[in-house]
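Take a look at the structure below.
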Amino acid sequence: MRSILILAIFVLVFASCHSDVPGLPSSDKIKFCKYEDKNGKSQCESTYVISEADCKKLKENGKAELFSDKDCKVPYKEDEE
């Protein structure tokens, strides 16, 4: 009985430490979206804050642009992937 309890504790600890979250991309793969917020102020956020899909939707309407750097100064080129 004691060995089953120890085994159960081991399994619970292992399961709680195991993560199915994929690794984060390297910093050179992160994209940034420059857009205007509700107040008309320009924002530059990573695609972790505003999804790349949402940024592309805004881009189609001429309201956003993807960049390669966190200052939104270097335009992102589709062939960079």
Side-chain angles (χ1 to χ4, degrees):
M1 183 69 175
R2 183 180 229 183
S3 60
I4 293 174
L5 179 61
I6 292 171
L7 181 60
I9 291 171
F10 177 79
V11 169
L12 286 173
V13 169
F14 178 78
S16 67
C17 293
H18 181 70
S19 174
D20 290 331
V21 177
L24 295 174
S26 62
S27 62
D28 61 332
K29 301 286 184 190
I30 297 174
K31 299 171 193 162
F32 296 86
C33 183
K34 184 176 183 180
Y35 64 97
E36 286 189 13
D37 64 14
K38 297 175 194 174
N39 300 322
K41 185 176 178 187
S42 183
Q43 301 290 326
C44 182
E45 301 286 350
S46 77
T47 51
Y48 290 115
V49 176
I50 179 171
S51 74
E52 186 175 345
D54 287 344
C55 189
K56 285 182 178 182
K57 286 179 190 174
L58 290 169
K59 183 179 179 180
E60 290 172 4
N61 297 326
K63 297 182 179 182
E65 191 173 347
L66 280 171
F67 288 85
S68 296
D69 65 320
K70 67 179 181 176
D71 296 322
C72 288
K73 296 195 188 277
V74 180
Y76 178 79
K77 297 176 187 161
E78 292 297 326
D79 62 335
E80 288 183 13
E81 290 185 18

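Please read all numbers here as calculations on a predicted model, not as lab measurements.
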(request) Determine, step by step, whether C44 and C33 satisfy the disulfide (SG to SG under 2.5 Å) criterion, reporting the C-alpha distance in whole Å, the side-chain angles of both residues, the deciding distance to 0.1 Å, and the verdict. (result) CA-CA 6 Å; C44 182; C33 183; over 6 Å; no
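Two residues are said to be in side-chain contact when any heavy atoms from C-beta on lie closer than 4.5 Å; K56 and L66 meet this criterion. No side-chain heavy atom of K63 sits less than 4.5 Å from a side-chain heavy atom of Y35.
Nearest heavy atoms, F32 versus C72: CB-SG, 4.0 Å. In terms of heavy-atom proximity, K31 sits nearest to Y76 at CE-OH, 3.2 Å.
Summarising the geometry, atom OG belonging to S68 is positioned 14.0 Å from atom NZ belonging to K73; distances are rounded to the nearest 0.5 Å. For the atom pair K34 NZ and C55 SG, the distance stands at 11.5 Å (nearest 0.5 Å). Remark: E52 CD to S46 OG distance equals 11.0 Å, nearest 0.5 Å. Here E36 contributes atom CD and K41 contributes atom NZ; the two are 12.0 Å apart, rounded to the nearest 0.5 Å.
In this structure, the side chain of D37 engages the main chain of N39 through a donor-acceptor pair within 3.5 Å.
Cluster membership for V49 and I30, using ILVMFWY side-chain heavy atoms within less than 4.5 angstrom, is not shared.
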